[in-house]
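The structure appears right after this line, and notes come after that.
Just so it is clear, the model here is predicted, and its values are computed rather than measured.
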Amino acid sequence: MRLRAIVAIINPVNKADKLETMRHSASHVMAGAVLSLFPDARFGIGPAIEDGFYYDFDLPRSLTPEDLPVIEERMREIIKADLPFRHRELPRDAARKLFAAQPFKLELLDEIADDKAGVYEQGDFVDLCRGPHVASTGEIGAFKLTGIAGAYWRGDEHNAMLQRIYGVAFKSQPELEEHLARLEEAKKRDHRKLGRELEIYMFDDEVGPGLPLWLPRGGAIIEEIEKLAKEMEFKYGYVRVRTPHITKEDLFKRSGHLPYYADSMYPPMELEGVKYYVKPMNCPMHHKIFSSRSRSYRDLPVRIAEYGECYRYEKSGELFGLMRVRSMQMNDAHIYCSEDQFEQEFASVVFLYLEYFKIFNITEYYMRLSTHHPSGLGKKYVGNGAMWLKTEDMVRQAMKKNNITYDEVPDEAAFYGPKIDVQVKSAIGREFTLATNQVDFSQSESFDLKFINREGKEERPLIIHRAPLSTHERLIGFLLEHYGGAFPTWLAPVQVRLVPVADRHIGHARGLEAELKGRGIRAEVDDRSERMNLKIRQAQMDKVPYMLVIGDKEAADNSVSVRRRSGEQVPPQPFAAFLASLSEEIAAKA
RNA sequence: GCCAGCGUAGCUCAGUGGUAGAGCAGCGGUUUCGUAAACCGCGGGUCGUAGGUUCAAAUCCUAUCGCUGGCUCCA
């Protein structure tokens, strides 16, 4: 959302479509409405964004949801009046006078390169704006104000907080309503709702915010994902380790976490005069394992993997269901390689992502290269400008050579190096980094990591941090929405629900359950004294892939009547046949 | 962390100054049933927590905790 907003500001509209222009104009109309209600309002910016627009205001009082209909009403009047948007170019000084009472506009004026300031005017409202706009307010289609939010001026938390009003706008009322209906639909897929309904995970006030408890069904999913990760990592030459959750302060001083990452760490505990921190990342421990013995170039690359449990003190307002938590289990690994191995290793990690994404049928994502910004050297980023440029270019090369497309975003890197993130969207449209692949040229130095190269000399390895399966928390949160709770059979917490028609069939059903479990299949008998219809309905709501109805016929000839989650009824078949095809489906992760 | 809104039973929600409600879930019973909700009955909440105002607070005020929508920040 934030990124898109910025894009909308920097690339205004000249070649953009009419819809975007109309949305931008709608934001001006909203500003005009706010001005008429609050004559002392000060104006920030008001761009078009995906599906709509917003405008930021500094107002004498806080807005409440009740204000929105009033503003909407005023907007309708302005639209009905069909006021023309008048465009003028003013010399900077004249614009200064015009916006003398508008400190935010004055700040923007200071940054305009040439001496001309574009101004748009409709009715009483005059705004500093590059445009373009629709010809008159009457051209604005159907809109709705959707929310009020605080937003820092220019997105900087050190600046004043303005009040932002969000709106959506479409050409026609039906399109607007369709959009609103889509949002309602998306809410049903929200992982927080599904997670509760399907009993995947929970939070508890006494345990603490951002600290999920995985319920048995979530636990089953975690087991499957870890199994997959272990198979893949074994296949691709990783070795697995386990490391402690807490370590002495010294380690994180050395790693650079304390100078650069302390804000996101739980405060230390002190024992016998020594401070211990809970780990926010696994890397320092893996580095210690790498340097636990001397390494030859023949050993490289060394790929050390661990499902590491980390704790990060995310600020309270940043927590979001499973997608942003304080305790997390990370699909972590560190690859130590030589410079000439880097491209190959980096690319093969990206290919590993793609292999995983194929398994999960993840198609909607984009890759993002995050680079440093020179102004952050020594503050946000470790200070070695030359290495930043060099490694950033190595990543670009690795991506380009393998024809992998990506967006490049400056000033978003990790403190120790550039990274490729895989961005996905949650059901409600919020963007998240799912997987990440990061270069690290810094900790190699600080941990004095080395290997003996072909010439018999010591050389520093490059480090790749990677987490293709993200954390269990974020991945499963994402998958819940991705599958709408209907996990593919291999991942489904309950794969088979046995539904006895009457109590006398429970014994036979239990026998089948035992056979299924013997094959590692998650099966359970619904042995409650309820009608079969109810059991079917609940299995459907639990999104169990297979329901086996067991009655007299089935018990007599050891067959099963199969109902799929889709509602499809498969003709009765021998239990052995079902077992075979189910095992095959699970093995294929279909 | 910041701005705003919201916290009533396990879940979804009604109740805005006068003794806490519904549906689902749960429990007990009846029913033994063929592919998305059988029937009858019962229990369950110091209304997030702590103060305050009032004869009287779920309802008004303050603080605090949590959640939600954004901002900031991120796997």
Side-chain angles (χ1 to χ4, degrees), chain A residues 1-2 5 54 56 62-67 146-166 190 192-193 196-197 199 202-206 208-210 261 263-264 280-281 308 310 312-325 328-332 370 412 414 419 421-422 424 428 430-436 438 465-475 477-478 499-506 529-541 547-554 561-565 567-570 572:
Chain A
M1 190 68 109
R2 189 171 63 89
Y54 69 77
D56 289 344
S62 287
L63 293 170
T64 68
E66 292 76 59
D67 290 314
T146 49
I148 306 161
Y152 301 108
W153 168 238
R154 317 206 88 179
D156 184 334
E157 62 181 323
H158 305 292
N159 287 342
M161 180 159 272
L162 306 179
Q163 299 190 66
R164 174 173 298 177
I165 304 178
Y166 281 99
D190 190 317
R192 293 167 297 183
K193 180 175 157 69
R196 185 171 47 241
E197 287 171 357
E199 298 181 4
M202 61 176 277
F203 287 105
D204 182 275
D205 286 358
E206 270 184 286
Y261 203 75
D263 282 355
S264 300
M281 295 183 194
C310 296
R312 298 183 185 172
Y313 197 82
E314 305 289 354
K315 293 188 218 160
S316 55
E318 292 165 350
L319 301 173
F320 180 72
L322 280 180
M323 302 300 271
R324 191 77 181 276
V325 291
M328 68 210 83
Q329 306 167 65
M330 206 182 305
N331 174 231
D332 210 359
S370 299
E412 297 272 337
K419 58 177 181 171
D421 288 332
V422 179
V424 296
I428 61 166
R430 214 182 283 193
E431 187 175 307
F432 285 92
T433 299
L434 189 66
T436 187
Q438 313 178 338
H465 303 236
R466 42 113 279 180
L469 291 179
S470 192
T471 59
H472 283 321
E473 288 72 18
R474 189 168 286 182
L475 179 67
F478 172 77
V499 177
V501 173
D503 285 357
R504 64 178 178 280
H505 307 117
I506 288 176
S529 185
E530 293 287 353
R531 290 176 68 224
M532 184 205 61
N533 290 292
L534 181 82
K535 296 179 184 181
I536 295 279
R537 174 180 150 81
Q538 289 191 342
Q540 285 288 152
M541 292 196 304
M547 288 151 253
L548 301 188
V549 176
I550 308 299
D552 290 332
K553 282 179 288 186
E554 290 79 7
S561 167
V562 180
R563 180 192 166 99
R564 289 180 197 273
R565 180 166 55 188
E568 179 198 354
Q569 272 177 250
V570 184

Identify which nucleotide among [options] has an atom closest to any side-chain atom of [X], counting heavy atoms from C-beta outward.
| X | options | value |
| --- | --- | --- |
| A:Asn533 | B:A75, B:A38, B:C33 | B:A38 |
| A:Leu534 | B:G34, B:A37, B:A36 | B:A37 |
| A:Thr433 | B:C71, B:A25, B:A75 | B:A75 |
| A:Val325 | B:G69, B:A75, B:G34 | B:A75 |
| A:Ile536 | B:G34, B:A36, B:C74 | B:A36 |
| A:Phe320 | B:G34, B:G69, B:A75 | B:G69 |
| A:Arg324 | B:A38, B:U31, B:C74 | B:C74 |

How is [X] classified with respect to the nucleic acid when contacts are heavy atoms under 4.0 Å: base, sugar-phosphate, or nothing?
| X | answer |
| --- | --- |
| A:Arg504 | sugar-phosphate |
| A:Gln438 | sugar-phosphate |
| A:Lys535 | nothing |
| A:Asn331 | nothing |
| A:Leu475 | nothing |

Taking only the side-chain nitrogens and oxygens of [X], find out if one of them lies under 4.0 Å from OP1 or OP2 of [N].
| X | N | value |
| --- | --- | --- |
| A:Tyr313 | B:C73 | no |
| A:Arg192 | B:U68 | yes |
| A:Lys419 | B:A75 | yes |
| A:Arg537 | B:A37 | no |
| A:Arg430 | B:G70 | yes |

Which residue, A:Val562 or A:Arg154, contacts RNA chain B at a nucleotide closer to its 5' end, judged by nearest heavy atom?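 Final value for this comparison: A:Val562.
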
Nearest-nucleotide comparison on RNA chain B, the residue closer to the 5′ end among A:Glu157 and A:Lys315: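 Of the two residues, A:Lys315 wins.
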
Sort me out a list of protein N/O and nucleotides 10-16 of chain B N/O pairs below 3.5 Å, or just none if empty.
residue: B:U12; atom: OP1; partner: A:Arg196; partner atom: NH2; Å: 3.0

[atom1] of [X] versus [atom2] of [N]: gap in Å, rounded?
| X | N | atom1 | atom2 | answer |
| --- | --- | --- | --- | --- |
| A:Leu319 | B:U72 | CG | P | 17 Å |
| A:His505 | B:C33 | NE2 | P | 8 Å |
| A:Met541 | B:A37 | CE | P | 10 Å |
| A:Glu568 | B:A36 | CD | P | 14 Å |

For [N] and [M], measure between their [atom1] atoms and round to the nearest Å.
| N | M | atom1 | result |
| --- | --- | --- | --- |
| B:C60 | B:G7 | P | 10 Å |
| B:A56 | B:C2 | C1' | 39 Å |
| B:G26 | B:C11 | P | 14 Å |

Which nucleotides of nucleotides 2-9 of chain B have their base under 4.0 Å from a protein heavy atom (B), which only their sugar-phosphate (S), and which neither (-), written as one string 5' to 3'? BBSS----

Please determine, for [N], whether a Watson-Crick or G-U wobble partner exists with both distances under 3.5 Å, and give it or none.
| N | value |
| --- | --- |
| B:U54 | none |
| B:C67 | B:G5 |
| B:A22 | B:U12 |
| B:C39 | B:G29 |

Using atom types as modelled and distance alone, determine if a side-chain donor or acceptor of A:Gln163 lies under 3.5 Å from a backbone N or O of A:Leu63.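 Indeed, once roles are kept as given, a pair shorter than 3.5 Å links the two residues.
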
